[in-house]
Amino acid sequence: MRMPELPEVENVVRGLAGPLSGRTVASARLSRRDLYRTGSLSLSRLNGSKIAGVERIGKAILFRTSPPSPVLVVHLGMTGNLLLSDGGRPLRRQHRHAVMTMDGGLRLEYVDPRRFGFLWVGVADDLGRSLNIGPDPFQLTAPELGRRLAGRKAPVKSLLLDQRLISGLGNIYVDETLFRASIHPLSPGGVAAASASEMLREARRVLRRAIRHGGTTIRDFRKADGSAGAFGQRLAVYGREGAPCPLCRAVIRRIVIGARSTHFCPNCQRMGR
DNA sequence: AGCTTCGCCTGCTTGC
DNA sequence: TGCAAGCAGGCGAAGC
């Protein structure tokens, strides 16, 4: 299963930027209104706009336009995908909710079985206010992350999932980051703040490695012994409940924090003080 | 304001 | 074998 966290989104952006940049939108249509984020203009407002560039903002995808006209933001949610096809008759495809056809016939399709994703069309000036997405781990500095966690009592696990505080990390990479940084997921944010530089360093490492591996996280169905199957990326703790820690062989535990499944090594990851 | 919980949604896995 | 329940989680809304 693909989990569109930062590495996967980065991969999608890189794949779209080249083919779409400089193209003019001939027609754009969204067939399910409930996929619009609140406050969005109609997707058809992009008709006639030229795509000036495709960028990633946290886990969201931004399509810049020129001359200044409404921009498009696509968030893939959990199961969303953006697919390019080169003209021809559109194949019947299940769960395809939006189609953008470019001059010349190139087509961009939004497919999302679970519909946790969304689209937003609006003027660039409203972007920040509407999306409210904070800096990602490559933009943040350690002192700034420390300031953002300072005084917070919520578990660091929950705070790292807050896209306003730090963007791009999802459930998988937060668990991996905290493991590599030896921080217990239940540590209060204010306590974990002292380890901001370790967390930032490990977040960047795990994300870079995932991007390098094509950004595809294949989550193999866990075998009984927790052994890894064909992972696109080696996961140390996520999805490995009951399996041995790769560092100390202690048994990986799974708990629920903020309604999110959380995996950690009770021996390697401590609460700090 | 900060923190927590819930609802959204479908596909796959598990259990009876 | 077939069906239903359980689970997965990003995000926004709601409640405290």
Side-chain angles (χ1 to χ4, degrees), chain A residues 1-10 12 31-40 56-61 73-82 93-98 110-120 122 126-134 136-137 147-178 185-193 207 210 215 217-226 229-231 235 237-242 254-263:
Chain A
M1 184 196 291
R2 290 186 66 221
M3 295 286 195
E5 300 187 32
L6 186 152
E8 291 72 29
V9 175
E10 179 68 26
V12 170
S31 54
R32 291 194 65 109
R33 299 200 56 80
D34 59 354
L35 283 175
Y36 281 125
R37 174 131 161 178
T38 311
S40 176
R56 179 183 58 74
I57 303 179
K59 302 179 201 170
I61 300 164
V73 171
V74 177
H75 195 296
L76 301 177
M78 285 193 60
T79 56
N81 209 350
L82 283 168
R93 204 199 296 272
Q94 219 182 352
H95 305 307
R96 176 178 53 208
H97 308 301
Y110 179 66
V111 178
D112 187 356
R114 250 151 95 180
R115 309 207 299 278
F116 273 23
F118 63 79
L119 283 77
W120 181 85
D126 293 341
L127 240 175
R129 202 167 338 115
S130 287
L131 284 185
N132 204 9
I133 294 175
D136 70 31
R147 278 192 289 275
R148 287 171 176 240
L149 294 172
R152 302 289 297 264
K153 293 187 171 62
V156 63
K157 158 83 177 194
S158 300
L159 296 174
L160 292 184
L161 283 173
D162 185 339
Q163 302 297 299
R164 296 164 299 183
L165 205 149
I166 178 171
S167 66
L169 299 175
N171 207 37
I172 297 173
Y173 295 124
V174 167
D175 282 5
E176 295 297 307
T177 295
L178 290 176
L186 283 173
S187 295
V191 173
L207 292 173
T217 301
I218 301 294
R219 193 144 66 88
D220 198 357
F221 304 110
R222 240 166 303 148
K223 299 168 185 166
D225 62 358
F231 283 86
L235 298 177
V237 290
Y238 185 87
R240 297 191 65 244
E241 178 188 18
R254 187 185 81 91
I255 58 177
V256 175
I257 301 176
R260 292 290 165 260
S261 171
T262 300
H263 313 74

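Residue numbers start from 1 in every chain, and the chains themselves are labelled A, B, ... in the order their sequence lines are given, proteins ahead of strands.
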Check: Counting just side-chain N and O atoms, does A:H75 come under 4.0 Å of either OP1 or OP2 of C:dC11?
Finding: yes
Check: Where the side chain of A:R254 is concerned, which of C:dA8, C:dC11, B:dG2 is the nearest nucleotide?
Finding: C:dA8
Margin query: If we check side-chain hydrogen bond (donor to acceptor under 3.5 Å, both in side chains) with A:D175, which of these qualifies: A:H263, A:R260, A:R254?
Written below: A:H263
Notebook entry, point to check: From B:dG11, C:dA13, B:dC3, pick the nucleotide closest to the side chain of A:T38?
Noted result: C:dA13
Next item on the list: Report yes if at least one side-chain N or O of A:R114 is closer than 4.0 Å to OP1 or OP2 of C:dA8; otherwise report no.
Entry: no
Item checked: Donor-acceptor pair present, A:R115 side chain and C:dG10 base, under 3.5 Å -> no
Notebook entry, point to check: Any side-chain heavy atom of A:Y238 within less than 4.5 Å of one from A:V174?
Noted result: no
Next item on the list: Respond yes when some side-chain nitrogen or oxygen of A:H95 is under 4.0 Å from OP1 or OP2 of B:dG11, and no when none is.
Entry: yes
Notebook entry, point to check: Contact class for A:P155 (heavy atom, under 4.0 Å): base, sugar-phosphate, or nothing?
Noted result: sugar-phosphate
Margin query: Looking at every non-hydrogen atom in both residues, tell me the closest pair between A:R164 and A:R148 and how far apart they are.
Written below: O-NH1, 3.3 Å
Checklist line | Whether A:F116 stacks on the six-membered ring of B:dC8 base, 5.5 Å and 30° limits | finding: yes
Margin query: I want to check one thing: is the phosphate of B:dC3, taken as OP1 and OP2, less than 4.0 Å away from some side-chain N or O of A:R164?
Written below: no
Next item on the list: Among the candidates C:dG10, B:dC3, C:dA8, find the nucleotide nearest to the side-chain atoms of A:K153.
Entry: B:dC3
Item checked: Side-chain N,O (A:Q163) to OP1/OP2 (C:dC11) below 4.0 Å -> yes
Next item on the list: Name the nucleic acid region contacted by A:A259, choosing base, sugar-phosphate or nothing; use a 4.0 angstrom heavy-atom cut-off, strictly under.
Entry: nothing
Margin query: Taking the minimum atom-to-atom distance to the side chain of A:R37, which one of C:dG9, C:dC11, B:dT4 wins?
Written below: C:dC11
Check: Which nucleotide, C:dC11, C:dG10, B:dC3, lies nearest any side-chain atom of A:L159?
Finding: B:dC3
Next item on the list: For A:S158, answer base if it contacts any base atom (sugar-phosphate contacts may also be present), sugar-phosphate if it contacts only those atoms, and nothing otherwise; contact means non-hydrogen atoms under 4.0 Å.
Entry: nothing
